[in-house]
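What follows is a single structure, written as structure tokens, with notes after it.
Chain A is the first sequence line, chain B the second, and so forth, proteins listed ahead of strands; every chain is numbered from 1.
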Amino acid sequence: MDIQISVKRAIEELYGQTIDTSWVQLQKTKKEFKGHLTLVVFPLLKISKKNPEQTAQEIGEYLAKNESVVAEFNVIKGFLNLTIAPGYWVELLNAIHADKQYGIKDSTADAPLVMIEYSSPNTNKPLHLGHIRNNLLGYSLAEIMKANGFRVVKTNIVNDRGIHICKSMLAWKKWGNGATPESAGKKGDHLIGDFYVLFDKEYKKELAELQAKGLTKEEAEAQSMLMGEAREMLRQWEAGDLETVALWEKMNAWVYAGFDETYKKLGVDFDKIYYESQTYLEGKEEVLRGLNKGLFYKQEDGSVWADLTADGLDNKLLLRADGTSVYMTQDIGTAKLRFDDYPINKMVYVVGNEQNYHFQVLSLLLDKLGFEFGKGLVHFSYGMVELPEGKMKSREGTVVDADDLIAEMIDTAKETSKELGKLDDCTEEEADKVSEITGLGALKYFILKVDPRKNMVFNPKESIDFNGNTGPFVQYTYARIQSVLRKAAEQNILWPSSLNTQVPVSEKEENLVQMLAEFPVIVKEAADTYSPAVIANYIYDLVKEYNQFYHDFSILREENNEIRNLRLILSFNISKVIKAGFALLGIDVPERM
RNA sequence: GGUCCGGUAGCUCAGCUGGAUAGAGCAACAGCCUUCUAAGCUGUGGGUCGUGGGUUCGAAUCCCGCUCGGAUCACCA
């Protein structure tokens with residue numbers, strides 16, 4: 001709203017000075033005071049040359065007299081509380097109501113292109129809780145960026161090569177008896193993950209046996225037959241040995257099928273998938289190009305390094321002495337391929353905060369190599385997910401498997417709904433659908449509402465608690481609004497596409513309209529701060545406010561037609577905003593529950 | 001040790017481009033279902049915003065020191 005301009009005009013008229021709009025500090029009036037918007041006058045004292053109360057009084061009088069939007073005002077200390085004219089809220093509501101895509105901008109063909117990398121799994125393990133946070137953040141961020149008019153490419157880099165995959169392959173070959181996902185009755189990613197674990201177990205056993213014979217830990221590791229075989233397998237893979245590559249392809253295909261199932265369940269997807277097996281050689285070429293241009297240097301042993309001491313960082317290895325690439329090399333290669341494929345304006349990497357340093361270095365290296373998006377790349381860094389009992393680290397063996405967790409959430413949702421009798425008049429199919437929406441909604445909302453940067457505690461038990469600041473609370477409110485609208489239709493209550501500005505609007509309704517008006521601002525803010533949590537917390541506030549309001553009135557029994565229309569349109573718009581906001585978070589809302 | 005991030009109610013978290021008496025939810029306690037879905041609503045209690053300084057009319061918010069916790073500083077990915 002353009003009260004800001006009104007205030008600016010007032011200052012100019014009263015004190016004959018033009019001011020920057022940033023001096024006009026308007027904020028929502030606190031609940032305990034009368035008014036909608038509050039002007040903080042302290043910054044303006046320099047201009048008025050008067051004390052805070054006088055200044056506020058003068059500006060207030062001017063606005064009330066000359067600006068029709070301002071109906072009343074009151075002054076408390078240095079705060080000028082403005083009451084907005086009633087008709088204004090109805091106009092605002094009409095405007096929101098007329099906009100089908102409220103808060104969502106369409107992207108144009110010439111909009112900046114953002115590539116968002118997220119998920120990035122290894123092919124030797126199923127996805128776990130950490131991946132869930134990653135996937136949800138990445139997907140939500142992509143939707144938020146789209147809603148702000150950007151063109152977005154969602155991408156995934158699959159780490160499909162290296163010694164860890166060879167470990168799984170070797171274990172399968174040795175002890176697998178030709179097991180397949182079908183024969184074992186497991187998802188492919190779980191099957192391969194189990195073989196990875198098996199390898200580790202056997203390897204540890206071997207080490208213990210060697211150490212029992214008097215070898216040190218280092219000697220045992222060097223002499224390990226198993227590890228030797230795994231390394232040999234990696235060499236064969238790199239050399240393109242047909243049998244090894246065939247096995248690798250077969251097992252990877254199982255894993256991908258498993259991942260796809262999990263992604264589908266989570267509701268995330270990708271526009272383009274890159275595989276490290278296809279990018280790591282590209283990175284090597286880029287590094288050599290940089291070496292030739294004198295950007296990097298070679299050590300006596302043949303290894304290639306980047307000197308980043310001028311940028312306040314250390315020397316960074318880019319190619320090993322034997323010419324093989326490291327993690328950084330692969331990321332450079334991937335970046336190159338991506339840039340060849342898309343005219344990227346901005347690159348966003350959704351990767352855990354343990355890699356902050358890596359991306360600091362990557363940004364510098366890409367910049368040196370001449371990639372325009374290098375310097376401005378965003379490492380969308382998020383914190384670890386911990387369990388109430390302690391850290392969630394794979395080596396501590398307390399990993400929460402993504403598929404198990406999702407299934408558990410859906411089951412709990414179903415049980416709870418049943419207990420409450422919510423599913424009584426549903427078919428089994430509908431019950432399953434609703435349980436899936438609420439179970440996943442609980443999970444997604446719980447994770448997304450937390451500031452991404454922070455480490456968070458995920459308590460499975462609490463997350464499925466349907467009280468309080470949770471996804472199901474919001475979903476429930478949405479479903480109830482749908483129920484109101486359904487019943488209005490059944491009773492042939494038709495409401496107009498816009499309201500008469502003379503309709504009386506209560507304080508609580510004004511408050512709700514004000515919150516609705518903030519939605520586009522919130523969506524913008526979420527994109528600027530790269531934080532879906534902004535949207536989640538806003539939606540919760542809106543829903544809570546609505547619930548408190550909803551409790552007080554009866555729309556369908558309302559005798560005054562205009563007031564009933566106002567409330568129906570208000571409810572409709574709130575549900576519209578909930579749905580849009582939740583879509584940006586990747587959460588579904590059920591029509592009934 | 002260097003660098004980065006965090007510390008807000010018993011617990012989980014908002015608030016952080018400086019603004020009024022720091023907010024939610026959970027947990028505890030007390031109420032509200034002949035009224036469109038009680039997965040809800042109302043009320044009560046609960047805080048030296050880690051700590052010490054500084055800047056300012058005003059600091060949870062900005063700056064500096066200290067402290068605690070996490071991450072990282074690999075020829076792992």
Side-chain angles (χ1 to χ4, degrees), chain A residues 22 25 27 29-33 38 40-43 45 51-52 76-79 81 120 122 124 159 161-164 276 299 301-305 312-314 316-322 324-328 330-331 352-358 360-361 381 383-384 386 388 391 413 416-417 419-422 438 442 446 449-451 453-459 462-477 479-488 490-491 528 533-534 536-538 540-541 544 547-558 571 592-593:
Chain A
S22 68
Q25 285 185 37
Q27 51 192 267
T29 303
K30 293 225 168 194
K31 275 190 181 150
E32 51 270 41
F33 303 105
T38 296
V40 183
V41 299
F42 291 105
L45 300 183
N51 69 36
I76 294 165
K77 293 199 275 183
F79 299 91
N81 299 322
S120 316
N122 286 359
N124 63 322
N159 178 23
R161 62 172 285 276
I163 190 76
H164 42 284
E276 281 191 355
Q299 274 200 345
D301 64 359
S303 56
V304 178
W305 295 73
L313 302 174
D314 292 329
K316 181 75 192 173
L317 177 86
L318 298 176
L319 284 177
R320 296 191 187 98
D322 62 5
T324 56
S325 51
V326 294
Y327 179 36
M328 187 60 75
Q330 295 176 24
D331 262 0
N353 62 10
E354 69 272 12
Q355 295 195 29
N356 285 353
Y357 182 73
H358 174 81
Q360 219 180 324
V361 172
S381 166
M384 255 202 234
E386 292 169 20
K391 299 278 170 47
T416 313
S417 303
E419 273 169 31
L420 291 164
K422 298 281 177 190
T438 50
F446 192 90
K449 73 172 177 179
V450 180
D451 183 338
R453 283 171 306 173
K454 290 190 172 176
N455 288 357
M456 65 174 289
V457 176
F458 178 78
N459 186 333
E462 266 180 39
S463 75
I464 202 83
D465 184 345
F466 291 137
N467 290 310
N469 187 357
T470 66
F473 172 50
V474 175
Q475 292 170 319
Y476 173 58
T477 305
R480 274 195 326 203
I481 293 176
Q482 299 317 305
S483 169
V484 170
L485 300 177
R486 266 197 309 273
K487 290 196 173 162
E490 283 166 14
Q491 294 181 26
D528 289 345
V534 178
N537 287 295
Y538 157 81
Y540 171 67
D541 286 345
K544 191 172 158 56
N547 262 303
Q548 288 166 6
F549 173 60
Y550 171 93
H551 196 254
D552 298 342
F553 72 94
S554 176
I555 291 176
L556 300 178
R557 281 156 196 261
E558 191 65 62
S571 294
R592 57 179 85 205
M593 61 193 281

Value in whole Å for how far the P atom of B:C57 lies from NZ of A:Lys77: 16 Å

Polar side-chain contact A:Asn353-B:C4 base: donor and acceptor under 3.5 Å: no

Touch class at under 4.0 angstrom, heavy-atom based, for A:Gln355 against every strand present: base

Sugar-phosphate only, base, or nothing, as touched by A:Gln25 at under 4.0 Å among non-hydrogen atoms: base

Any donor-acceptor N/O pair, A:Asp451 side chain to A:Arg453 backbone, under 3.5 Å: yes

Cation-aromatic face contact A:Lys449/A:Phe446, 6.0 Å, 45 degrees: yes

Comparing A:Val534 and A:Asn122 on RNA chain B - which has the more 5′ nearest nucleotide: A:Val534

Distance test, side-chain N/O of A:Lys454 to OP1/OP2 of B:G7, below 4.0 Å: yes

Touch class at under 4.0 angstrom, heavy-atom based, for A:Thr477 against every strand present: nothing

side-chain contact (heavy atoms from CB on, under 4.5 Å) assessment of A:Ile76 paired with A:Phe33: CA-CA 9 Å; A:Ile76 294 165; A:Phe33 303 105; 3.2 Å; yes

Sugar-phosphate only, base, or nothing, as touched by A:Val40 at under 4.0 Å among non-hydrogen atoms: base

Phosphate OP1/OP2 of B:C13 contacted by A:Arg453 side-chain N/O (<4.0 Å): no

Parallel, tilted or perpendicular: rings of A:Phe42 and A:Phe79 (30°, 60°): perpendicular

Per-nucleotide pairing state of RNA chain B [Watson-Crick or G-U, under 3.5 Å; [ ] pseudoknot-crossing; | other strand]: ((((((((.[[[[.)...(...]]]].(((((.......))))).....[[[[[..)....]]]]])))))))....

Sugar-phosphate, base or nothing in reach of A:Phe33, heavy atoms under 4.0 Å: base

Sugar-phosphate only, base, or nothing, as touched by A:Asn81 at under 4.0 Å among non-hydrogen atoms: base

Given B:A20, B:G25, B:G70, the nucleotide with the shortest approach to the side chain of A:Lys544: B:G25

Shortest side-chain distance from A:Asp301, nucleotide among B:A71, B:A77, B:C75: B:C75

Sugar-phosphate or base contact per nucleotide [nucleotides 29-39 of chain B; S, B, -; heavy atom under 4.0 Å]: ------SBBSB

Aromatic-base stack, A:Phe79 on B:A20, cutoff 5.5 Å, angle under 30: yes

Closest to side chain of A:Phe42, choosing from B:C75, B:A20, B:G19: B:G19

Atom pair distance, as rounded to whole Å: CZ in A:Phe446 and P in B:G25: 15 Å

Candidates B:U12, B:C75, B:G19 - which lies nearest the side chain of A:Leu317: B:C75

Touch class at under 4.0 angstrom, heavy-atom based, for A:Asp451 against every strand present: sugar-phosphate

A:Arg320 CZ to B:C75 C1', straight-line distance once rounded to whole Å: 5 Å

Sidechain N-carboxylate O distance under 4.0 Å for A:Arg320, A:Asp322: no

Min side-chain heavy-atom separation A:Asn455-A:Asn353 under 4.5 Å: yes

Anti versus syn assignment for B:C33, with syn defined as within 90° of 0: syn

Separation of B:G18 P from A:Gln27 CD (nearest whole Å): 12 Å

